[in-house]
Amino acid sequence: MSEIHTTDVAIIGAGPIGLFSVFQCGMLKMSCHVIDALPATGGQCTALYPEKPLFDIPAAPNINAVDLIERLEQQIEPFKPTIHLNQQVCELVKVGDLWQLITSTGLKIQARAVIIAAGAGAFGPNKPPLENIEQFEGSSVHYMVQKRENFRDQRIVIAGGGDSAVDWALSLADVAAEVYVIHRRDRFRAIPESVAQMKALAEQGKIELVIPYQLASLEGEGDQLNTVVVKTLDGEERRIEADHLLSFFGLASKLGPINDWGLDILNGVIKVEPTTCATNVEGIFAVGDIADYPHKLKLILSGFSEAAQAAHAAYLIVNPGQALNFEHSTTSGVPAL
Amino acid sequence: MTTLTFIKPDGERVEVQATNGATVMEVAKENDMPMLAACGGSLACATCHVIVDEAWYEKSGEIVEAEEDLLDTAHGLTNTSRLCCQMKVSDEVDGMVMTLPPMG
Ligand SMILES: Cc1cc2nc3c(=O)[nH]c(=O)nc-3n(C[C@H](O)[C@H](O)[C@H](O)COP(=O)(O)OP(=O)(O)OC[C@H]3O[C@@H](n4cnc5c(N)ncnc54)[C@H](O)[C@@H]3O)c2cc1C
Ligand code: FES
């Protein structure tokens, strides 16, 4: 049996609002474990726009998204949160008085209260919505390349039009038996030199650019793919015999398991009571982009305030019967946990 | 007021009233249409993909390169696919019909 961690508050999502929730809980002397599907903290700030400046963070007139996350990390450091990355929270169930979270790597965390700061859901590969794609995942459909050698003498279809698609087309042209690049238009979003190199290889017949096509369906036996069917926008079909599909459409967020926890969810957001950020399930709070109430603004600013509301409301659940003394940080300082 | 029609993935047609100047994504969200629009209109997610009725496509406005680039990451594209956070409501599009692809 794997070890079970226990904590006062489990926070789902290590985006800016999940991180600031650690601070607000810490100021009320509550310990936290934080879980995120991504390999790094920062949510959208890190995954989607690390180098963009933000202008609407109070008292930080111009701050890059990565720097904002770094400062939040500094601010929560005194509270020594445990942060579990690279895993998605898949299950949330009540075990006695506690909430138990189970992640995709089998980690178990038990907490008195849960704060969901999951943004638009767990970040993962943006998968093409092909009916049977999961059947081939891991064996012949891939969203990243671990070992180039695995593709020696294989027939490879690469789908996508960004850097990953172009870079892997160039790299695999040498080792693979055949390389096809499926893209919906002639323009690629990649370094121009690499695109030029890829087009040169195409002229030499080392790779084939299958343009303008998009993925239509997959055929194969068990987990082994044998044919990738592609279509033009006008429905013209082409069948490509292949051993592997490399799908490179960037990141997408998926609510996934959060839909199954009995929460009041509509169109990807959870209804909360705005003064406490309490959801319809006692002991579970939602903050940041995923929390919804009338006139909600999806801003980091609003999320910070929601984190404070949720932490104060969670205190009463984590410490039943104990008075909550409201204190300014100028009075309390940063308490040791 | 401008009238827009959304056809939901299940085929239901919903006619809504929209204020000129709003984005079509804002109108869809206001009316609880099944659409994620995860990035809130900052052209970073492609989850506001709509298929514009052919008769209206020309009127749906200019497509900037950044929208084309992001459309590369959408699935089930058609010749009249748009990211509707980039489309503004105006008298020009009064009556426009759009189909919503299934939410991922
Ligand atoms: C291009 C762009 C520009 C923006 N500019 C601004 C701006 O100028 N000002 C502003 O205020 N806002 C801006 N925003 C919006 C801002 O980034 C979001 O409001 C903010 O990131 C929301 O933070 P969050 O912590 O709620 O969620 P997110 O940042 O979305 O983080 C959620 C995290 O939860 C994780 N997660 C979800 N479900 C699970 C699960 N089941 N298990 C494990 N992990 C999970 C995800 O992987 C993700 O890392 C911008 C957004 C974009 C895309
Ligand atoms: S809402 Fe994200 S691209 Fe339109």
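Note that the coordinates shown come from a computational prediction; the quantities given were computed from them, not determined experimentally. In what follows, chains are A, B, ... by sequence order, proteins preceding strands, each numbered from 1.
- Other residues, nucleotides and ligands contribute at most 12 non-hydrogen atoms within 6.0 Å of the CD atom of A/E134.
- Side chains of A/N267 and B/D32: no donor on one and acceptor on the other come within 3.5 Å.
- Heavy atoms from other residues, nucleotides or ligands lying under 6.0 Å from CD of B/E12 number more than 12.
- Considering all non-hydrogen atoms of both residues, A/R185 and B/E65 come closest at NH1-OE2, 3.3 Å.
- Chain A forms more heavy-atom pairs under 4.5 Å with one residue of B/L77, B/T47, B/T73, B/T78 than with any other, namely B/L77.
- More than 12 heavy-atom neighbours from other residues, nucleotides or ligands sit within 6.0 angstrom of NZ on A/K271.
- Of the listed residues (A/L233, A/V269, A/L130), the greatest number of heavy-atom pairs within a distance under 4.5 Å of chain B belongs to A/L233.
- Per-residue heavy-atom pair counts under 4.5 Å with chain B were compared for A/A120, A/G161, A/P129, and the maximum is reached by A/P129.
- Contact annotation: the side chain of A/R187 never approaches that of B/D72 to less than 4.5 Å [non-hydrogen atoms, C-beta and beyond].
- When the candidates A/L251, A/L255, A/N126, A/L48 are compared by the number of heavy-atom contacts under 4.5 Å with chain B, A/N126 comes out ahead.
- No more than 12 heavy-atom neighbours from other residues, nucleotides or ligands sit within 6.0 angstrom of CD on B/E54.
- With salt bridges taken as basic N to acidic carboxylate O contacts below 4.0 Å, one links B/E68 and A/R184.
- With chain B as partner, the option from A/H183, A/Q44, A/K231, A/K298 having the largest number of non-hydrogen pairs under 4.5 angstrom is A/H183.
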